[in-house]
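Whatever order the structure lists them in is the order used to number ligands and atoms, beginning at 1. Note: hydrogens, waters and symmetry copies are ignored here, and every other heavy atom, side chains too, is used.
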Amino acid sequence: MGCDRDNANGFVGVFDSGVGGISVLKSLVAELPGEDFRFFGDSAHAPYGEKTVERVRELSHDIVERFVADGAKAIVIACNTATSAAAPGLRAEYPDLPIIGIEPALKPATEAPDHGRILVMATDITLRLDKYHELAETYGQGCEVISVPCPGLAGRIEHGDLEAADLVEMIRGYVGSFAGTVGSVVLGCTHYPFVRRQIAEVLGSDVKFYDGGAGTARQLRKRLDEAGLLAPAGRAGSVEFASSKDTPAELALYREFFGYEL
Ligand code: DGL
């Protein structure tokens with residue numbers, strides 16, 4: 001099982017149900033440009049948020065098993081849904097492997113001055129599982145936090161064509177009733193940073209957005225540093241894309257998402 005976990009030149013495996021994790025990958029590359037990242041999007045099985053928790057665990061397990069077999073030195077679960085469902089089990093299974101998950105950025109949102117009413121947009125699984133309830137319990141005290149599951153939104157983003165009018169109308173269906181009454185939005189699904197502008201179009205242009213990408217990248221740096229696994233300074237890193245929907249068109253879509261300004 002050629003494992004490079006002791007090797008600072010090994011790669012970091014990053015995965016999501018699909019294109020969403022590319023929003024996190026962008027933060028990872030910005031924070032750690034000397035690392036080699038291999039991104040796997042499970043687009044053939046997206047969306048995860050509408051599957052059973054058990055199925056999300058199985059799919060996540062299979063992806064991490066392959067990354068480990070290929071010699072990953074660390075894993076980033078660039079998916080709030082998979083982190084909530086599968087991170088504890090994966091960490092128990094691979095106790096020596098740094099496994100970094102992502103969570104809805106409620107902490108920075110609630111700590112910001114004048115945060116106003118806070119809307120958390122995420123998948124149904126993320127909002128249902130313990131991790132989110134613990135976060136809301138810890139950071140949501142004294143704040144008005146409204147959790148809005150958005151079934152179908154990640155699946156729609158998977159299809160690209162983000163400027164199409166149907167996307168704004170879809171978002172209006174989930175959060176339109178909060179227009180003008182919300183100060184902050186937590187993007188609790190890694191697909192949603194790609195439609196920040198469309199969400200602002202519905203809720204108001206002065207709404208502040210929070211997502212977990214930058215925090216996850218800082219956490220990866222810390223864990224690699226602690227384990228002595230940071231790539232040598234000055235090294236040029238790389239990014240590779242793979243998908244369970246392994247067609248040239250899908251991989252071209254991944255590169256298109258990687259090129260978006262967030
Ligand atoms: N991007 C994922 C997340 O952060 C999952 C979306 C989905 O596949 O439903 O939750």
Side-chain angles (χ1 to χ4, degrees), residues 13-28 39-64 75-88 90 99-106 109 119-133 135-136 147-160 162 167 170-171 173-175 185-196 198-199 209-217 219-220 241 243-245 250 253-254 257-258 260 262:
V14 183
F15 77 94
D16 177 44
S17 63
V19 296
I22 296 169
S23 67
V24 182
L25 180 67
K26 286 173 73 70
S27 298
L28 301 177
F39 179 83
F40 182 82
D42 198 5
S43 293
H45 300 112
Y48 278 8
E50 288 143 56
K51 295 198 157 32
T52 64
V53 172
E54 262 322 303
R55 183 69 181 132
V56 174
R57 283 190 187 132
E58 266 169 31
L59 292 165
S60 305
H61 168 92
D62 291 352
I63 295 166
V64 172
I75 302 290
V76 175
I77 309 175
C79 175
N80 294 266
T81 307
T83 300
S84 303
L90 289 168
I99 298 179
I100 292 90
I102 189 165
E103 62 186 28
L106 253 189
L119 212 61
V120 182
M121 298 172 71
T123 68
D124 181 57
I125 289 190
T126 298
L127 296 176
R128 212 162 14 93
L129 291 184
D130 290 352
K131 187 173 180 63
Y132 179 68
H133 292 287
L135 268 179
S147 310
V148 185
C150 304
L153 183 53
R156 169 60 188 83
I157 294 168
E158 280 291 300
H159 294 128
L162 301 184
L167 198 39
M170 193 172 189
I171 292 167
Y174 304 119
V175 296
V185 176
V186 174
L187 301 170
C189 167
T190 57
H191 282 68
Y192 303 168
F194 290 112
V195 293
R196 202 183 308 239
Q198 292 82 335
I199 297 171
F209 287 97
Y210 297 88
D211 69 68
T216 302
Q219 185 64 13
L220 174 64
F241 292 101
S243 173
S244 52
K245 205 174 183 180
E250 191 64 17
L253 186 71
Y254 283 19
F257 272 78
F258 191 59
Y260 284 136
L262 291 179

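From Leu187, atom CG reaches atom CG of Asn80 across 9.5 Å, with rounding to the nearest 0.5 Å. Rounded to the nearest 0.5 Å, atoms CD1 (Ile157) and CE (Met170) are 8.0 Å apart.
Within 4.0 Å of ligand 1, protein heavy atoms come from Asp16, Ser17, Pro47, Tyr48, Gly49, Cys79, Asn80, Thr81, Thr123, Ala154, Cys189, Thr190, His191.
In this structure, Phe258 has its ring center at least 6.0 angstrom away from the ring center of Phe39.
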- Message: Would His191 and Leu153 count as a side-chain contact (heavy atoms from CB on, under 4.5 Å) here? Give the steps.
- Response: CA-CA 8 Å; His191 282 68; Leu153 183 53; over 6 Å; no
- Message: Please determine whether ring-ring contact (aromatic ring centres under 6.0 Å, His included) holds for the pair Tyr254 and Phe257, giving the CA-CA distance in whole Å, both sets of side-chain angles, and the decisive distance to 0.1 Å.
- Response: CA-CA 5 Å; Tyr254 283 19; Phe257 272 78; 8.0 Å; no
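In terms of modelled atom types and a separation under 3.5 Å, the side chain of His61 and the main chain of Val56 share no donor-acceptor contact.
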